[in-house]
Trainee: 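Input: one structure, supplied below.
Keep in mind it's a predicted model, so treat the numbers as computed, not measured.
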Amino acid sequence: ALSKAGLRVIGATTLGDYARYLEKDSALMRRFQLVLVKEPLPEATRAILDGVRPDLEKHFGLPIDQAMLDRTLYLSGRYLPQRRNPDKSLDTLDRACAQAVFQGSTVLQESHLVDAVRTLGSMNDNASVDPHGALAGLETAIGSSIKGQDQAIAIVSRAVRVSKMRLDLHPTRPDGAFLFTGPTGVGKTAMAESLARALSGRDDALFRIDMSEFFDAHHATRLLGAPPSYIGYEDQSLLSRAVASCAGGVLLLDELEKAHPQVHRVFLQILDSGRATDSSGKVLSFSSITIIATCNVGSDAGPVSGFMRDQNHAATVPMAELKRVFPPELLNRFDAIVPFRPLDHNDALAIVQERVVADANTALEREYGIRLVFSPQAIAAVVEQGFSKDFGARNLHRTWRIMVSDPLSDIVASLAPRTLSTAASGEPALWAVSLGAHGLEFSPP
């Protein structure tokens with residue numbers, strides 16, 4: 001039908017589906033003129049919003065001022081990175097107007113836009129919609145979940161602020177590139193997770209790549225895609241998915257020292273220029289992403305050349321060991337090599353008191369309507385049993401499961417109807433946890 005010129009056809013598809021299904025059929029593709037429709041730039045999207053504004057005002061009976069269009073563009077761009085403009089901005093504005101009408105408002109307000117974004121994406125309830133306000137409180141936001149690493153928090157926060165506020169000399173580079181060094185279980189991965197939430201206000205803004213899976217050169221093709229004629233050529237590359245899902249957040253390269261040197265070379269250009277080209281020819285931009293690599297190199301080494309040594313604890317960079325594992329040109333492309341010091345007994349106590357207990361109680365209140373109240377002796381027993389300089393905070397969580405979660409699960413299972421009825425009454429039931437002769441003892445009210 002197409003070859004007889006008696007049929008006019010307009011088809012639409014995505015780049016991925018075109019490469020997977022249509023490009024192979026050259027006879028069919030000769031009948032079409034390809035038109036690549038790119039995502040509009042922010043300026044063009046803003047003009048589109050301005051063009052639909054009169055129709056939305058007439059439909060919803062609400063005035064929409066220019067400031068709300070600007071905020072729509074910003075909020076949808078920051079909190080909906082997986083979607084594309086103008087669709088996500090139009091959807092946000094439409095839902096916000098509907099929300100305003102539903103609430104009986106006579107004018108569109110920013111709170112309606114925030115509610116719409118939360119509905120469409122994964123924005124945190126406590127997320128700051130003011131980017132500069134979030135940056136100003138970055139140390140506090142990260143420090144609320146990371147204990148004993150004030151030096152590392154300060155280094156990362158300062159460097160990220162410089163990049164995010166466009167004060168860097170190279171604005172196309174990633175929004176901070178860091179190499180975290182230190183023993184296992186001291187908070188390197190946890191800091192990456194906390195930083196991602198603080199920067200983006202989303203729960204899905206961390207994209208983690210386990211670099212131990214790239215132990216040989218062949219696996220490096222997974223990062224930017226397999227070349228033509230190889231298995232997996234049509235599949236989206238790993239870094240393409242990372243750029244799409246964690247814009248404004250953090251790309252975590254966990255245990256970078258375990259990756260093949262060919263993988264290290266892939267990240268040379270990314271850390272330097274913030275760009276890479278995948279196997280399909282698509283240019284990937286990392287300019288809105290903070291890249292964090294972790295490694296355990298030199299964690300057992302003695303004191304080496306100092307790096308921002310603080311007054312209480314010596315946190316140093318094992319530069320000699322790092323140079324034996326990574327090429328110097330790769331190390332030189334990180335904004336900072338951030339040392340994490342081993343945790344001490346006081347750090348372990350703070351982690352249990354301020355994080356582990358709080359997280360456990362949040363889950364218990366949600367599921368069973370109970371809250372645990374620990375005596376100082378009970379907390380001390382958990383810390384004494386779980387503290388380990390070699391295994392860090394992860395050993396605390398294992399000890400918590402053995403000493404608290406395992407016996408508590410037996411008790412809660414037998415009292416489930418009672419606790420569930422207590423949860424329905426509103427206030428959680430307080431369970432006292434004390435240290436007895438044979439371990440921790442739980443006392444329901």
Side-chain angles (χ1 to χ4, degrees), residues 124-126 139-153 180 182-198 203 206 208 252 254 294 296 299 313 340-413 415 419 423 427-436 438-445:
N124 289 332
D125 292 337
N126 298 324
E139 287 89 348
T140 302
I142 301 175
S144 63
S145 57
I146 305 297
K147 304 301 177 184
Q149 304 296 348
D150 294 343
Q151 170 186 336
I153 292 173
F180 288 177
T184 181
V186 297
K188 299 188 297 295
T189 301
M191 182 179 288
E193 296 170 349
S194 181
L195 179 63
R197 285 192 298 269
D203 294 323
L206 178 81
R208 177 175 176 174
L252 175 62
D254 212 8
T294 69
N296 299 322
S299 59
H313 301 274
F340 281 63
R341 67 175 182 82
L343 300 179
D344 58 26
H345 191 274
N346 290 332
D347 298 327
L349 183 61
I351 290 172
V352 173
Q353 288 178 325
E354 301 177 28
R355 295 302 308 167
V356 179
V357 173
D359 292 343
N361 277 334
T362 298
L364 288 172
E365 288 184 34
R366 180 180 64 250
E367 297 292 336
Y368 303 107
I370 64 177
R371 179 187 300 169
L372 303 180
V373 180
F374 286 80
S375 68
Q377 294 79 12
I379 291 290
V382 174
V383 174
E384 186 66 28
Q385 183 70 23
F387 174 66
S388 170
K389 288 185 177 181
D390 295 329
F391 299 107
R394 290 189 176 91
N395 198 60
L396 287 173
H397 289 88
R398 282 191 290 269
T399 301
W400 179 272
R401 180 183 61 80
I402 295 172
M403 297 184 65
V404 179
S405 300
D406 287 352
L408 184 63
S409 64
D410 296 333
I411 300 174
V412 171
L415 300 177
T419 55
E427 293 296 324
L430 302 182
W431 286 35
V433 184
S434 58
L435 179 62
H438 303 287
L440 299 184
E441 297 180 350
F442 300 86
S443 302

Trainee: Do K188 and N296 have side-chain heavy atoms sitting under 4.5 Å apart?
Mentor: yes

Trainee: Determine whether F387 and T399 make a side-chain contact, defined as any pair of heavy atoms from C-beta on separated by less than 4.5 Å.
Mentor: no

Trainee: For S388, which residues count as a side chain to side chain donor-acceptor pair (under 3.5 Å) partner, sequence neighbours excluded?
Mentor: none

Trainee: For the residue pair M191 and A152, what are the closest heavy atoms and their distance?
Mentor: CE-CB, 3.9 Å

Trainee: Just so I know, are the side chains of V186 and D347 near enough to count as touching, which here means a heavy-atom distance under 4.5 Å?
Mentor: no

Trainee: Once rounded to the nearest 0.5 Å, what's the spacing between atom OG of S145 and atom CZ of R197?
Mentor: 5.5 Å

Trainee: Is the shortest heavy-atom distance from the side chain of T189 to the side chain of R208 under 4.5 Å?
Mentor: yes

Trainee: Might you confirm whether atom CZ of F391 has over 12 heavy atoms from other residues, nucleotides or ligands at distances under 6.0 Å?
Mentor: no

Trainee: Would you please classify the geometry between the F180 ring and the F340 ring as parallel, tilted or perpendicular, with 30° and 60° separating the classes?
Mentor: tilted

Trainee: State the CG-CD1 distance between D359 and I351, to the nearest 0.5 angstrom.
Mentor: 11.5 Å

Trainee: Return the minimal non-hydrogen interatomic distance between Q149 and L343, and the atom names on each side.
Mentor: NE2-CD2, 3.8 Å

Trainee: Between P428 and R371, which heavy-atom pair has the shortest distance, and what is it?
Mentor: CG-NH2, 3.6 Å

Trainee: Provide the closest heavy-atom pair for R401 versus P407 in the form atom of the first, atom of the second, distance.
Mentor: O-CD, 4.5 Å

Trainee: What's the shortest heavy-atom distance between I153 and G143, and which atoms?
Mentor: CD1-CA, 3.7 Å

Trainee: Less than 4.5 Å apart, any side-chain heavy atom of L364 and any of L408?
Mentor: yes

Trainee: Do the non-hydrogen side-chain atoms of S434 and Q377 ever get within less than 4.5 Å of each other?
Mentor: no

Trainee: Identify the two heavy atoms, one from L372 and one from N361, that lie closest to each other, and give their separation to 0.1 Å.
Mentor: N-OD1, 2.8 Å

Trainee: State the CD1-CZ distance between I411 and F442, to the nearest 0.5 angstrom.
Mentor: 5.5 Å

Trainee: Using side-chain heavy atoms (C-beta onward) and a distance below 4.5 Å, is Q151 in contact with R341?
Mentor: no

Trainee: Do the non-hydrogen side-chain atoms of L440 and L435 ever get within less than 4.5 Å of each other?
Mentor: yes

Trainee: Go through the structure and list residues passing ring pair (Phe, Tyr, Trp, His ring centres under 6.0 Å) with F374, not counting sequence neighbours.
Mentor: W400

